[in-house]
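Reading through the structure tokens given below for one structure.
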Amino acid sequence: MRWRWWEEEKYEDGIKWKFLEHKGPVFAPPYIPLPKDIKFYYDGKTLSLSPQTEEVASFFAKMLDHEYTTKDIFRNNFFIDWRKMTLEERMVITDLAKCDFTEMFTYYKGKMEEKKNRTKEEKLKLKEENEKLVQEFGFCIMDHHREKIGNFKIEPPDLFRGRGDHPKQGMLKKRILPEDVIINCSKDSKIPEPPSGHKWKEVRHDNTVTWLASWTENIKGSVKYIMLGANSKLKGEKDWEKYEIARKLKNHVEKIRRTYRENFKSKEMKVRQRAVALYFIDKLALRAGNEKEEGETADTVGCCSLRVEHIKLYPELDGQKYVVEFDFLGKDSIRYYNKVPVEKKVFKNLQLFMENKQEGDDLFDRLNTPLLNKHLQLLMEGLTAKVFRTYNASITLQQQLAELTDSDDSIPGRILSYNRANRAVAVLCNHQRAPPKTFEQSMSNLKAKIDARKEQISLTKKELKEAKKEVKENESEKLKKVVESKKKAILRAEEQLMKLEVQATDREENKQIALGTSKINYLDPRISVAWCKKWNVGLEKIYNKTQRDKFAWAVDMTDTDFVF
DNA sequence: TCCAGGACTTGTTCCTATAGCG
DNA sequence: CGCTATAGGAACAAGTCCTGGA
């Protein structure tokens with residue numbers, strides 16, 4: 001019997017746990033210096049580096065075949081941080097272009113190759129050792145239950161790989177020591193031991209937070225945490241709450257939509273901007289768009305931080321009226337490009353907001369996310385901008401499933417319908433992916449397979465005909481058996497063909513769409529569980545092991561008739 | 001009221017284990 | 001049974017939103 005935490009009473013306000021015991025985080029392995037015969041060359045001459053300098057150089061050397069090392073910002077940032085080397089070294093090494101890391105690069109490539117070519121026994125041994133580590137450090141005790149930790153290893157030192165045009169890419173992400181780490185656990189628990197010769201920065205006992213350990217990272221100065229895994233009570237409960245708030249929005253959304261439409265006409269510019277922004281967030285599932293510190297991160301935006309340069313207005317386009325063209329970089333510098341017809345009042349308002357503004361000016365200059373969220377809080381308790389994304393994603397899945405699922409369909413057909421519904425959500429949320437590098441190849445492989453199967457079927461059909469003819473002429477038991485087996489073979493092959501064809505369709509449609517993110521973060525799992533039960537589809541066709549684990553609460557509490 | 005820091009969720013990328021193939 | 005494409009999972013970056021202190 002699974003621990004049904006969702007049937008237990010919750011703690012008083014703000015208290016996350018009563019007992020917490022763990023072993024602390026696992027630190028990155030120490031740097032292993034290069035063998036003597038692996039040389040670094042500066043300006044064509046060998047130059048031996050101090051261990052610390054060599055370590056940082058190795059981070060760069062390992063990445064030599066990565067696009068990052070061709071980017072100026074990355075190279076410059078790396079070079080600045082690398083040159084915090086010994087004085088003697090700094091005197092010599094003044095130009096990155098004169099640095100030759102290729103021997104180091106080749107050495108590490110070889111190491112990787114070795115790793116790949118390990119024997120079964122070696123691999124098994126490594127696996128067992130890793131399992132031991134997980135058993136020791138990968139779990140904690142929280143309130144009488146052994147729970148999995150999501151990330152018990154401290155991030156190793158490396159060069160920072162910011163996404164998009166990140167101004168800090170290439171900077172050295174420093175090695176974290178116990179002296180940097182704050183431990184959080186309960187007073188009456190066994191306090192984790194720091195590695196020998198070391199001390200923790202601090203040990204605290206704060207049961208209003210969920211983290212077990214934290215440290216401050218040196219790139220942005222933000223705090224990083226060791227937290228529980230997604231299948232833990234703590235995370236599961238939060239997830240459940242998230243979907244319950246989204247379901248609550250279902251009962252308020254019509255009124256909220258009436259209100260913001262009303263507000264399109266407000267005398268106050270602030271109110272109009274808020275209304276139009278909310279319209280976008282609701283209709284297009286845009287993110288809130290917090291303000292960001294300039295120069296600290298890549299230049300990306302969300303709804304409230306959109307600038308004039310990010311939209312174009314077309315009174316008429318391709319036969320449609322009042323079209324807005326969005327083109328901006330969102331989270332992770334993923335491009336959002338969309339042409340959407342909008343209500344006339346929205347269009348007119350946008351024209352108004354853009355009057356006398358430059359490309360780089362804020363579209364919603366009287367609005368920011370705290371202002372928007374404060375307003376939303378008034379409309380419904382617990383409502384924030386991101387709830388609309390959850391709500392619209394989940395409700396879309398439910399609608400699409402209802403629309404697409406056909407009771408006449410085979411199981412693979414139903415799964416295709418599910419994936420299509422999932423896809424509709426991923427498109428809404430702009431969860432794109434680059435088409436896999438081998439996409440065309442694997443697609444044509446699949447097509448070839450389909451053709452082969454078709455060929456086989458028609459051949460077997462011919463053979464069946466022949467066999468039937470022979471039976472007519474000569475009624476032997478043996479021949480009758482042949483006929484039967486041919487029939488069966490055809491049936492089997494046809495089923496396989498159908499499966500392959502469904503697979504091909506699914507893959508083609510999924511070329512540029514990533515389903516995972518929405519499945520894990522936006523779709524109320526109870527919708528999927530109910531659908532699987534209703535249509536007799538195994539849950540494992542929809543969720544893999546990790547996902548089933550994470551959504552265990554939904555599996556246990558959901559009936560066929562669940563409605564989001 | 002404003003802002004910075006803090007806590008937690010969401011998102012992509014990269015590596016690896018494994019399923020499915022011949 | 002070995003090979004390879006792919007799914008799964010770890011890692012970690014990048015968002016959202018809240019809080020507490022000036």
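In the text below, chain A, chain B and the rest are named by the order of the sequence lines, each starting its count at 1.
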Next item on the list: Ignoring backbone atoms, establish whether A:K115 has a side-chain N or O less than 4.0 Å from OP1 or OP2 of B:dT16.
Entry: yes
Check: With respect to the phosphate group of C:dT16, does any side-chain polar atom (N or O) of A:N290 fall under 4.0 Å of OP1 or OP2?
Finding: yes
Next item on the list: Quick one: sort the A:Y68 and A:H66 rings into parallel, tilted or perpendicular, breaks at 30° and 60°.
Entry: parallel
Note to self: Taking any heavy-atom pair under 4.0 Å as a contact, classify A:A514: base, sugar-phosphate, or nothing.
What the structure shows: nothing
Checklist line | Contact nearer the 5' end of DNA chain B, comparing A:Y225 with A:D332 | finding: A:Y225
Next item on the list: Look at the side chain of A:K331 and the base of B:dT10, then say whether one donor and one acceptor between them are separated by less than 3.5 Å.
Entry: yes
Next item on the list: Just call it for A:S222: base, sugar-phosphate, or nothing, with non-hydrogen atoms closer than 4.0 Å on any strand.
Entry: nothing
Item checked: Under-4.0 Å side-chain N/O to phosphate OP1/OP2 contact, A:R204 with B:dG6 -> no
Margin query: Using a 6.0 Å cut-off, check whether atom CD of A:E294 has over 12 heavy atoms from anything other than its own residue.
Written below: no
Next item on the list: Determine the contact category for A:K153: base if any of its heavy atoms lies under 4.0 Å from a base atom, sugar-phosphate if only primed atoms, P, OP1 or OP2 are that close, otherwise nothing.
Entry: sugar-phosphate
Check: What does A:G289 touch in the nucleic acid at a heavy-atom separation under 4.0 angstrom: a base, only the sugar-phosphate, or nothing?
Finding: sugar-phosphate
Next item on the list: Consider the side chain of A:T384, meaning its heavy atoms from C-beta on, and name the nucleotide among C:dC18, B:dT12, C:dT16 that approaches it most closely.
Entry: C:dC18
Margin query: Taking only side-chain N and O atoms of A:K386, does any of them lie within less than 4.0 angstrom of OP1 or OP2 on B:dT10?
Written below: yes
Notebook entry, point to check: Just checking A:K220: base, sugar-phosphate only, or nothing, at a heavy-atom cut-off of under 4.0 Å?
Noted result: sugar-phosphate
Next item on the list: Determine: side-chain N/O of A:T369 to OP1/OP2 of C:dT16, distance under 4.0 Å, yes or no.
Entry: no
Check: Given that A:R161 and A:N521 both sit by DNA chain B, which one's nearest nucleotide is further toward the 5' end?
Finding: A:N521
Check: Think A:K233 forms a cation-pi with A:Y11, using NZ or CZ under 6.0 Å from the six-ring centre and within 45 degrees of its axis?
Finding: yes
Margin query: Base, sugar-phosphate or nothing for A:K374? Non-hydrogen atoms, less than 4.0 Å.
Written below: nothing
Check: The side chain of A:K173 lies closest to which of these nucleotides: C:dA13, B:dG6, C:dT16?
Finding: C:dA13
Notebook entry, point to check: Hey, does A:R163 reach any base, or is it just sugar-phosphate, or nothing, if we go heavy atoms under 4.0 Å?
Noted result: base
Next item on the list: Verify the contact: side-chain N or O of A:N544 to OP1 or OP2 of C:dA7, cut-off strictly under 4.0 Å; return yes or no.
Entry: no
Margin query: Any side-chain N or O of A:H66 below 4.0 angstrom from OP1/OP2 of B:dC14?
Written below: yes
Next item on the list: Hey, which sits more toward the 5' end of DNA chain C by its nearest nucleotide, A:K148 or A:S333?
Entry: A:K148
Next item on the list: Could you go through the ring-ring contact (aromatic ring centres under 6.0 Å, His included) check for A:W531 and A:Y418 one step at a time?
Entry: CA-CA 9 Å; A:W531 181 88; A:Y418 181 91; 5.2 Å; yes
Check: Can a side chain N or O of A:T210 be found less than 4.0 Å away from OP1 or OP2 on B:dA7?
Finding: no
Check: Any idea how A:F78 and A:F101 line up, ring-wise: parallel (<30°), tilted (30 to 60°), or perpendicular (>60°)?
Finding: perpendicular
